[in-house]
A.B. asks: 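Shown below is the structure under consideration.
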2 protein chains.
Amino acid sequence: MDKAGTIEPKEPKTARGEATRRALLGAAEKVIGRLGYAEASIGAITREAGVAQGTFYIYFKGKDEVFSELVRDMGRNLRHTITGATAGISDRLEAEREGLRAFLTFVAGHPELYRIVQEALFVDADAYRAYFSTFADGYRQGLEAAALGGEVRPGDADIRAWALMGIARSLGERAVVFGKTTPIDDVVDSVYDLFVHGLKR
Amino acid sequence: MDKAGTIEPKEPKTARGEATRRALLGAAEKVIGRLGYAEASIGAITREAGVAQGTFYIYFKGKDEVFSELVRDMGRNLRHTITGATAGISDRLEAEREGLRAFLTFVAGHPELYRIVQEALFVDADAYRAYFSTFADGYRQGLEAAALGGEVRPGDADIRAWALMGIARSLGERAVVFGKTTPIDDVVDSVYDLFVHGLKR
DNA sequence: TCATAACATGAATACTGATTCACCTTTCAT
DNA sequence: ATGAAAGGTGAATCAGTATTCATGTTATGA
């Protein structure tokens with residue numbers, strides 16, 4: 001009668017199992033990204049992964065679980081990418097600009113990111129909130145530091161963080177969901193100008 | 001053998017029927033807003049509306065149809081509200097500010113707006129695109145006119161439109177989904193400052 | 001006042017797809 | 001070389017609900 005320590009019905013790791021799990025995760029990303037959560041059947045996922053349906057349940061408790069894992073995964077990847085792209089840039093505005101560029105580039109390469117993250121609000125609201133809260137926190141800290149250093153004018157860092165995040169999201173969506181193909185560098189330049197100077201003539 | 005002109009299985013209008021339809025639509029808004037599309041059963045909607053399940057199909061072809069109608073409805077309402085709030089304001093930046101205030105106020109009063117509109121991407125992508133395209137067009141036209149009039153500095157109006165829309169969306173979500181309760185007027189002031197001056201000190 | 005179109009009912013049907021399970025195969029430590 | 005443990009299979013359940021339908025009820029125009 002154990003149960004507290006054991007990992008229950010999943011998390012199995014040994015050699016090829018790891019590979020199968022990855023295959024499943026990758027297949028889930030592809031299928032869910034294409035069809036959406038509701039339409040993506042376990043059958044379609046396992047077919048894509050090249051395994052039998054039952055195999056799915058060796059590694060995941062259910063459909064929601066892969067999904068949640070996917071959301072966390074993508075968040076990590078994206079954060080990692082952006083961190084890499086902005087590491088070592090001391091000027092805040094410039095860091096903001098490069099972060100945006102990295103974000104838009106990543107998104108262009110992972111168009112399913114939107115569907116999946118956005119659908120998370122309905123499938124796993126906690127994962128959704130965690131995803132955006134984490135991003136917002138990052139933005140906010142950067143802005144606070146910059147305000148302290150006198151790089152940017154004073155103002156509510158949290159609101160600004162959400163505003164900037166909204167800009168990035170919106171322009172990513174403009175490209176991926178609405179098919180507007182303005183080159184990323186042009187988008188970045190426009191937004192940077194907006195960041196720095198605002199709208200006023 | 002007609003069919004072209006007739007309205008098929010719905011659109012019936014006669015006295016109380018109209019009322020029932022409205023009740024159903026209102027119930028759908030409430031229930032879908034609360035539970036999300038997938039979890040919202042027809043049973044729950046008709047129960048909320050106080051009618052039998054079959055009644056639902058007198059007025060709507062299916063679950064998707066109410067949903068689509070809801071999305072369009074909300075878009076119209078919101079647009080109407082914002083138009084009303086900004087009518088007669090000739091200064092573009094000020095109009096932008098009041099539009100944002102109206103938007104955030106509306107959203108605070110209709111927290112289910114987010115769930116529903118956001119879920120539309122999965123249930124009825126066309127309605128989703130129409131919703132945001134319409135908004136973006138409005139923003140863009142306003143910005144183009146302002147640029148022509150020399151009120152704002154030159155720049156890509158479409159990109160700016162999407163950026164501003166993203167800011168509004170993000171801050172609405174910050175309140176409704178993430179429960180941050182900064183007073184609307186404070187949010188508006190912060191964002192306005194950002195609009196006008198940008199971040200640079 | 002009654003014929004008829006609208007409107008309403010809710011139990012029965014139908015379908016879809018997630019999850020289970022009894023059994024087979026591969027791996028590898030000893 | 002061998003027997004657990006880990007990994008894998010896929011057909012058979014099973015649950016949940018959208019949709020249908022045969023049957024009432026209400027309203028109104030002639």
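So you know, we letter chains A, B, ... as the sequences are listed, proteins then strands, and number each from 1.
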A.B. asks: Counting only side-chain heavy atoms from C-beta out, which of D:dT20, C:dT9, C:dT19 sits nearest to B:Tyr57?
C.D. replies: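 Nearest to the side chain of B:Tyr57 among the choices is D:dT20.
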A.B. asks: Keeping to residues at least two apart or across chains, list the salt bridge (Lys or Arg N to Asp or Glu O under 4.0 Å) pairs with something in residues 41-50 of chain A.
C.D. replies: A:Lys30-A:Glu48, A:Arg34-A:Glu48
A.B. asks: Check whether any side-chain nitrogen or oxygen of A:Tyr59 sits under 4.0 Å from OP1 or OP2 of D:dG8, and answer yes or no.
C.D. replies: yes
A.B. asks: Let me spell it out: for each of B:Phe56 and A:Glu39, pick the nucleotide of DNA chain C with the closest heavy atom. Which residue's pick is nearer the 5' end?
C.D. replies: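 Checking each residue's closest nucleotide, the 5'-ward one belongs to B:Phe56.
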A.B. asks: Let me know, please, whether B:Gly43 or A:Gln53 comes out on the 5' side of the other along DNA chain D by nearest nucleotide.
C.D. replies: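 So the residue in question is A:Gln53.
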A.B. asks: Rounded to whole Å, how long is the line connecting atom OH of B:Tyr37 with atom C1' of D:dT17?
C.D. replies: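 One finds 12 Å between C1' of D:dT17 and OH of B:Tyr37, rounded.
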A.B. asks: Is the ring pair A:Phe60/A:Phe56 parallel, tilted or perpendicular, if the boundaries are 30 and 60 degrees?
C.D. replies: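 Tilted: the ring planes of A:Phe60 and A:Phe56 meet at 30° to 60°.
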A.B. asks: What is the distance, rounded to the nearest whole Å, between atom NZ of A:Lys63 and atom P of C:dG17?
C.D. replies: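 About 8 Å, once rounded to whole Å.
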A.B. asks: Taking side chain to side chain contact (heavy atoms under 4.5 Å, CB included) as the test, write out the residues that go with A:Ser190, two or more places apart.
C.D. replies: B:Asp156, B:Ile159
A.B. asks: Taking atom CD of A:Glu39 as the centre, report whether more than 12 heavy atoms of other residues, nucleotides or ligands fall under 6.0 Å from it.
C.D. replies: no
A.B. asks: Checking contacts here: which listed nucleotide (C:dT26, C:dA8, D:dT17) is nearest the side-chain heavy atoms of B:Arg16?
C.D. replies: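 Comparing C:dT26, C:dA8, D:dT17 against the side chain of B:Arg16, the answer is C:dA8.
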A.B. asks: Rounded to whole angstrom units, what separation is found between the CZ atom of A:Arg22 and the C1' atom of D:dG7?
C.D. replies: 17 Å
A.B. asks: Take atom CZ in B:Arg79; do more than 12 heavy atoms of anything else shown fall under 6.0 Å from it?
C.D. replies: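 Enclosed.
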A.B. asks: Whether B:Arg76 engages the ring of B:Tyr131 as a cation-pi pair (distance to the six-membered ring centre under 6.0 angstrom, angle to the ring normal within 45°) should be assessed.
C.D. replies: no
A.B. asks: Do A:Arg97 and A:Tyr192 meet the cation-pi criteria used here (NZ or CZ under 6.0 Å from the six-membered ring centre, within 45° of the axis)?
C.D. replies: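 Judged by the rule (NZ or CZ under 6.0 Å from the ring centre, within 45° of its axis), A:Arg97 counts as positioned above A:Tyr192.
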A.B. asks: Over how many whole Å does the gap from B:Arg21 atom CZ to C:dA6 atom P extend?
C.D. replies: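 So the CZ-P distance, B:Arg21 to C:dA6, works out to 16 Å.
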A.B. asks: Atom CG of B:Leu35 and atom C1' of D:dT17: how far apart are they, to the nearest Å?
C.D. replies: 14 Å
A.B. asks: Can you tell me if the side-chain N/O atoms of B:Thr20 get under 4.0 Å from OP1 or OP2 in C:dC7?
C.D. replies: no
A.B. asks: Please work out which residues in residues 25-32 of chain A have a non-hydrogen atom less than 4.0 Å from an atom of DNA chain C and list them by number.
C.D. replies: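 The stretch gives none, as no residue of it lies under 4.0 Å from the strand.
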A.B. asks: Just checking B:Thr55: base, sugar-phosphate only, or nothing, at a heavy-atom cut-off of under 4.0 Å?
C.D. replies: base
A.B. asks: For A:Ala40, report the nucleic acid contact type (base, sugar-phosphate, nothing); a contact means any heavy atom under 4.0 Å.
C.D. replies: sugar-phosphate
A.B. asks: In whole angstrom, what separates A:Ile58's CD1 from C:dC24's C1'?
C.D. replies: 12 Å
A.B. asks: B:Arg47 has an atom CZ; how far is it from atom P of C:dT9, in whole Å?
C.D. replies: 14 Å
A.B. asks: Roughly, in whole Å, what's the span from NZ in A:Lys61 to C1' in C:dT20?
C.D. replies: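 It is 16 Å, rounded to the nearest whole Å.
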A.B. asks: Side chain of A:Ile42: nearest nucleotide among D:dT17, D:dT19, C:dT19?
C.D. replies: C:dT19
